[in-house]
Protein chains: 2
Amino acid sequence: MEPHEPDLTAVPVTSVLAALADDVRLQIVRALAEGGEAACGSFDFGVSKATRSHHLKVLREAGLTRTRAAGTSRLVRLRRDELDTLYPGLLDAVLTEHPPA
Amino acid sequence: MEPHEPDLTAVPVTSVLAALADDVRLQIVRALAEGGEAACGSFDFGVSKATRSHHLKVLREAGLTRTRAAGTSRLVRLRRDELDTLYPGLLDAVLTEHPPA
DNA sequence: GGCGTTGTTCGATAGTTGTCGAACAAGGGT
DNA sequence: ACCCTTGTTCGACAACTATCGAACAACGCC
């Protein structure tokens, strides 16, 4: 089953924003931005693995991440270059851990 | 009835992103970015006035806009300075009409 | 005062989404 | 071959959200 990683230019902005507009997914994106490539299982943010898989799917289909198989795991990475090119400043604005809550 | 315009630093990033992750609201924000202050009624994007009012409320409560009464109308404006300070690059990245669809 | 304009609020409804457990699939090791 | 680990998929369910029409409120004007 192909990962279905769309061309970023074909993804509506609202989908990109919607993908980032979730706490769990934002944590995943932040972890990826800091640690680079990581296995799906490394994101334990208090949700079941079914939910985690769901969120990774949303991120992938919004064009935010790429996934590749590696043995029994799957490695996920941020499509940072493409994102920074198409939406300069977006990731930077969102990735910094803000003081409020 | 108070407009309930929160301190931007008190609004979770996900709420700001969620507010922008809607086509109608994004059109409103773009119109505001281009035309400055505008009356609620000037945003006719194919939705009823009830729906429009709802979207403006979402934007206001996410800290994206400010509203002030002006006679029988209400004038809305983008909180651009605050947004650019707290999330530099966010608006710029999102406001430019992208080619995709 | 009465009327039209401009918005907001109130249900109601349909669609979307986050969450889970359980079942399933694919690999690697022993 | 067996099993364990790692992920995905499948209902199911609850919560949220976008949308509408209708009712209501506030204001200016004639």
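Keep in mind it's a predicted model, so treat the numbers as computed, not measured. Numbered from 1 within each chain, the chains take letters A, B, ... in sequence-line order.
- Within 4.0 Å of A:T51, counting heavy atoms only, lies at least one base atom of the nucleic acid.
- Atom CD in B:E61 sits roughly 14 Å away from atom C1' in D:dT17 (whole-Å rounding).
- For A:S48, the side-chain hydrogen bond (donor to acceptor under 3.5 Å, both in side chains) criterion is met by A:T51, not counting sequence neighbours.
- Taking atom CZ of residue B:R68 and atom P of nucleotide C:dT8, one finds them 15 Å apart after rounding to whole Å.
- Residue A:L26 holds its CG atom at 7.5 Å from CG of A:L95, rounded to the nearest 0.5 Å.
- Heavy-atom distances under 4.0 Å link DNA chain C to B:A39, B:C40, B:G41 of residues 32-42 of chain B, given in residue order.
- Looking at A:T14 and B:D22, their side chains never come closer than 4.5 Å, going by heavy atoms from C-beta outward.
- Taking CG of A:L64 as the start and CZ of A:R25 as the end, the distance is 9.5 Å to the nearest 0.5 Å.
- As rounded to whole Å, 16 Å separates atom C1' of C:dT8 from atom CG of B:L59.
- Residue contacts shown for B:H55 are limited to sugar-phosphate atoms, with no base heavy atom under 4.0 Å away.
- When the C1' atom of C:dT6 is taken as reference, atom NE2 of B:H54 falls 19 Å away, rounded to whole Å.
- B:V47 comes within 4.0 angstrom of the backbone, heavy atoms only, and of no base.
- In this structure, A:R52 contributes its side chain and A:F43 its backbone to a donor-acceptor pair below 3.5 Å.
- The closest donor-acceptor contact from the side chain of B:R60 to the backbone of B:P6 lies at 3.5 Å or more, if one exists at all.
- Counting only residues at least two apart or in different chains, salt bridge (charged side-chain N to carboxylate O under 4.0 Å, His left out) contacts with residues 81-93 of chain A comprise A:R66-A:E82, A:R79-A:E82, A:R80-A:D84, A:R80-A:D92.
- Atom NZ of A:K57 is separated from atom P of D:dT6 by 22 Å (rounded to the nearest Å).
- For A:S42, the side-chain hydrogen bond (donor to acceptor under 3.5 Å, both in side chains) test picks out no residue, with sequence neighbours left out.
- At whole-Å resolution of the value, CG in B:D44 and P in C:dT5 are 16 Å apart.
- If you take CG of A:D23 and P of D:dA15, they are 19 Å apart, rounded to a whole angstrom.
- For A:S53 and D:dG7, the shortest distance from a side-chain N or O to OP1 or OP2 is not below 4.0 Å.
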The contact string for nucleotides 22-30 of chain D, one letter per nucleotide 5' to 3', using protein heavy atoms under 4.0 Å with B, S and - for base, sugar-phosphate only and none, comes out as B----S---
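- Phosphate proximity of C:dG18 to A:R25: present, with a side-chain N or O under 4.0 Å from OP1 or OP2.
- Between the CG atom of A:L75 and the P atom of D:dG7 there is a distance of 8 Å, given to the nearest Å.
- A:D44 meets the side-chain hydrogen bond (donor to acceptor under 3.5 Å, both in side chains) test with no other residue; sequence neighbours excluded.
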